[in-house]
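Just below is one structure, and these are the notes that go with it.
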Amino acid sequence: MTTLTFDSLNPATGAVVGSHPKQGPEAVSAAVGRAEVAAGWWAELGAAERRRRLLDYKAVITQNLRPLAALVHEETGKPVGDATLEIVLAITHLDWAARNAAKVLGRRRVSPGMLGVNIAATLEYLPLGVVGVIGPWNYPVFTPMGSIAYALAAGNAVVFKPSELTPGVGVRLAELFTASVPEHPVFQTVTGLGETGAALAGDPRVKKIAFTGSTATAKRVMAACAGNLTPMVAECGGKDAFIVDADADLKAAADACLWGAMSNAGQTCVGVERVYVVEAVYEPFMRELADRVSAVKAGESYGPITMPGQMAIIRRHIDEAIKSGKIVTGGPEAVRAPFVDPVIVEGVPEDSPAVREETFGPTLTVRRTRDAQEALELANASAYGLAGTVFSRNTRRAMELARLMRTGMTAINSVISFAGVPALPFGGVGDSGFGRIHGADGLREFARPKAISRQRFAVPGMNLTSFSRGQEELERLIRVVTFMHGRRKR
Ligand code: NAD
């Protein structure tokens, strides 16, 4: 029998980086079967030993930082420095998940309340079993590790389906894990195209799917999950806004905005795509932006567009934007496959695809607003709701704008700083998805709450859950409830 394979390519050169099997339903099913057995062993191992093993895995990844960054560079085209930064972020998350799992998920007593004086109430978060992780290519270590590390720390086994553009990185992550956990295949990688992911999502023994990718694919994955009522986390795309208020540090804002938009060639789910600048500082901000953008170059500051199919989308967005917008930098000629030079267009109508749809390229639309309130309204007028940025020197005002931004995360006076804080949950609303990775919420996402109520003694004359309950007990209950809850506050 011949196994079909596919190649991963270096997007800058077209050279073959590696060849990997297209694993079909049978291979995926076998991996899930092995994972089920491994999940039982891993759960039995206990929180303390899992912590030790995961911290060891963290050390193994750290020791392999350079070769892993080189592989990320080859498969995505991003500069080695950016790949290194991405892996360092993943390491900090792995560390946090390992160290905090017992505290967040471990058994604890909770107050039983007045009516439960004779009850000992305990809560703990137990592993789900097998978790399927389906990942994208843009941050092939950091993004899936946000699910993998937290799922493993919560006591689950993981079957990971990396993007077909970055299978080598996915395979390497699981290989490195065996150095720390050689006994059972607690973390496996299956390779292939969309069908491989579909087989994983449709397997009834998978107890949760953590999907990261486009909104359109998330809907297909959700449909596959529906057949078995498999819950899922959906980490999808974004159209993140960047608000510059009148009192912002304009140099810092322009610097952060440019990096947020252009780094990784704009192929960042929480990348800056739309900028709203209050009128009072519009001109000076644009001067700062223009001053800096000339030094940013495709092929030097950032790599190529990783997914060839994205070129046409980027091109269409630029063409639509310049129909009525004014070019600040770049233009259609900026698109020179596989690279795209920075493109900034101002005054683009809000209904343009460049403002409404995820571009996923090194492009920015900038718009002048009356005030920060209008900037916020425009920022929120999006089907997406992943993250965003506010620049203002007034902490109270910035906090207020951040809270009112309809997104899962907002950074103030910095870009994407939330991603580097492991204690903060990461995820979106609306078309950006649902569920959370990272932080305590990210650990609980991969566990089921288990509630136990243990009666410590019988309360004489208060046996309410019995057919022997009499009118007298009911009257006593009404007196207690009236005393506790019967007084109005107004
Ligand atoms: P994609 O949706 O094309 O693919 C994602 C994964 O799903 C891949 O592994 C793919 O093979 C798999 N897949 C495809 N069809 C499938 C199916 N029918 N069933 C199951 N799996 C299937 O996304 P992409 O191009 O790899 O990634 C880019 C997108 O990811 C962007 O929209 C970006 O914003 C988003 N993203 C989001 C986050 C986040 O945390 N919110 C992080 C990174 C990327």
Side-chain angles (χ1 to χ4, degrees), residues 6 8 11 20 22-25 28 75-76 86 89-90 93 132-148 150 159-167 169-170 189-203 206 209-227 230 232-240 264-273 305-310 313-314 357-361 383-387 407-409 416 418-419 424-438 442 445:
F6 67 103
S8 72
H20 299 270
K22 277 187 190 167
Q23 293 183 279
V28 171
E75 285 197 324
T76 64
E86 166 186 352
L89 274 184
H93 279 279
V133 176
I134 300 175
W137 47 264
N138 58 339
Y139 291 89
V141 176
F142 172 70
T143 294
M145 199 48 91
S147 297
I148 294 166
Y150 290 81
V159 178
F160 172 38
K161 192 330 237 161
S163 164
E164 49 272 45
L165 300 182
T166 53
V169 175
T189 292
V190 290
T191 55
L193 315 184
E195 302 85 73
T196 309
L200 188 61
D203 192 310
V206 173
I209 286 288
F211 170 83
T212 309
S214 63
T215 308
T217 310
K219 291 177 185 176
R220 285 198 284 278
V221 174
M222 203 169 170
C225 285
T230 306
M232 80 180 275
V233 183
E235 295 286 351
C236 309
K239 191 73 190 171
D240 289 359
N264 207 31
Q267 304 166 114
T268 304
C269 56
V270 288
V272 178
E273 299 219 357
I305 298 303
T306 308
M307 190 167 62
Q310 198 67 23
I313 296 173
I314 297 169
E357 300 168 17
E358 186 180 47
T359 308
F360 232 49
Y384 289 109
L386 193 52
T407 59
M409 298 80 67
I416 69 166
F418 46 78
L424 285 177
F426 187 103
V429 299
D431 281 2
S432 293
F434 53 85
R436 292 293 181 268
I437 56 171
H438 302 174
E445 192 74 55

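By convention here, the first residue in the shown sequence is residue 1. Atoms within each ligand, like the ligands themselves, are counted from 1 in listed order.
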Taking only non-hydrogen atoms of L386 and a 4.0 Å limit, the atoms of ligand 1 in range are 41 (N)

heavy-atom search around atom 26 (O) of ligand 1 in the protein gives W137 CD1, 3.0 Å

d(S8 OG, L165 CG) to nearest 0.5 Å is 8.5 Å

Sorted by chain and residue number, the side-chain hydrogen bond (donor to acceptor under 3.5 Å, both in side chains) partners of E357 (sequence neighbours excluded) come out as R316, H317

heavy-atom search around atom 10 (C) of ligand 1 in the protein gives E164 OE1, 3.4 Å

Just by distance, do the side chain of H20 and the backbone of V190 share a donor-acceptor pair under 3.5 Å? no

Compute the shortest N/O to N/O distance between T215 and ligand 1 and return yes if it is under 3.5 Å, no if not. no

Nearest heavy atom to atom 29 (C) of ligand 1, choosing from G213, A216, C225, belongs to G213

Under 3.5 Å between any N/O of P136 and any N/O of ligand 1: does that happen in this structure? no

Exercise. What do you reckon, does E358 have a nitrogen or oxygen under 3.5 Å from a nitrogen or oxygen of ligand 1?
Worked result: yes

Worksheet entry | N or O contact, T143 vs ligand 1, cut-off under 3.5 Å | no

The protein heavy atom nearest to atom 28 (C) of ligand 1 is F360 CE2, 3.9 Å

Indicate yes or no for a side-chain donor-acceptor contact from E273 to the backbone of T359 under 3.5 Å, with no hydrogens or angles considered.
yes

Closest to atom 23 (O) of ligand 1 among protein heavy atoms sits S214 N, 3.4 Å

- Taking NZ, NE, NH1 and NH2 as the nitrogens, is one of them in E358 or K239 under 4.0 Å from a carboxylate oxygen of the other? no

Counting from 1 in the order shown, the ligand 1 atoms closer than 4.0 Å to a non-hydrogen atom of G237 are 32 (O), 34 (O)

Numbered in order shown, the ligand 1 atoms found under 4.0 Å of a heavy atom of S163 are 9 (O)

Looking at T217, V221, T268, the heavy atom closest to atom 1 (P) of ligand 1 belongs to T217

- For K22 and L193, indicate whether the former's side chain and the latter's backbone hold a donor-acceptor pair under 3.5 Å. no

If you scan protein heavy atoms around atom 43 (C) of ligand 1, the nearest is N138 OD1, 3.3 Å

Going by heavy atoms in the side chains, are K219 and M222 under 4.5 Å from each other? no

So CD1 of I437 and OG1 of T212: to nearest 0.5 Å the spacing works out to 5.5 Å

For residues 134-144, the side chain to side chain donor-acceptor pair (under 3.5 Å) pairs (sequence neighbours left out) are Y139-N264, Y139-T268

In this structure, atom 6 (C) of ligand 1 is nearest to the protein heavy atom G135 O, 3.4 Å

- request: Kindly say whether A387 contributes a backbone atom to a donor-acceptor pair with the side chain of D240 at under 3.5 angstrom?
  value: yes

* H438 vs F426 aromatic rings, parallel, tilted or perpendicular, using cut-offs 30° and 60°? -> tilted

**OP:** Determine, step by step, whether V429 and T407 satisfy the side-chain contact (heavy atoms from CB on, under 4.5 Å) criterion, reporting the C-alpha distance in whole Å, the side-chain angles of both residues, the deciding distance to 0.1 Å, and the verdict.
**Re:** CA-CA 6 Å; V429 299; T407 59; 5.7 Å; no

So, does P162 sit close enough to ligand 1 that a heavy atom of it is under 4.0 Å from the ligand? yes

Atoms of ligand 1 under 4.0 Å from any heavy atom of G194, numbered from 1 in the order shown, are 11 (O), 13 (N), 14 (C), 15 (N), 16 (C), 17 (C), 19 (N), 20 (C), 21 (N), 22 (C)

Ligand 1 to A198, heavy atom cutoff 4.0 Å, flagged ligand atoms 19 (N), 20 (C), 21 (N)

Does R436 reach the main-chain N or O of G408 with its side chain, forming a donor-acceptor pair under 3.5 Å? no

C236 touching ligand 1 at heavy-atom level, < 4.0 angstrom: yes

When you compare ligand 1 with G192, is there at least one nitrogen or oxygen pair between them that comes in under 3.5 angstrom? no

Q) Does T191 offer a backbone N or O that forms a donor-acceptor pair with the side chain of Q23 under 3.5 Å? A) yes

Here the gap from T306 atom OG1 to E75 atom CD, rounded to the nearest 0.5 Å, amounts to 10.5 Å

Worksheet entry | Polar atom proximity, T212 to ligand 1 (N or O, under 3.5 Å) | no

In ligand 1, the atoms that come under 4.0 Å of a heavy atom of I134 are 6 (C), 7 (O), 9 (O), 12 (C), 20 (C), 21 (N)

Judged by heavy atoms only, the candidate from G170, C269, A201, P140 nearest atom 38 (C) of ligand 1 is C269

For atom 40 (O) of ligand 1, the closest protein heavy atom turns out to be F426 CE2, 3.2 Å

Rounding to 0.5 Å, atoms CZ (F211) and SG (C236) come to a distance of 6.0 Å

TODO: Please verify whether a non-hydrogen atom of G428 lies at under 4.0 Å from ligand 1.
DONE: no

For G197, the ligand 1 atoms with a heavy-atom partner under 4.0 Å come out as 19 (N), 20 (C), 21 (N)

Going by the 4.0 angstrom heavy-atom rule, the piece of F211 near ligand 1 is side chain

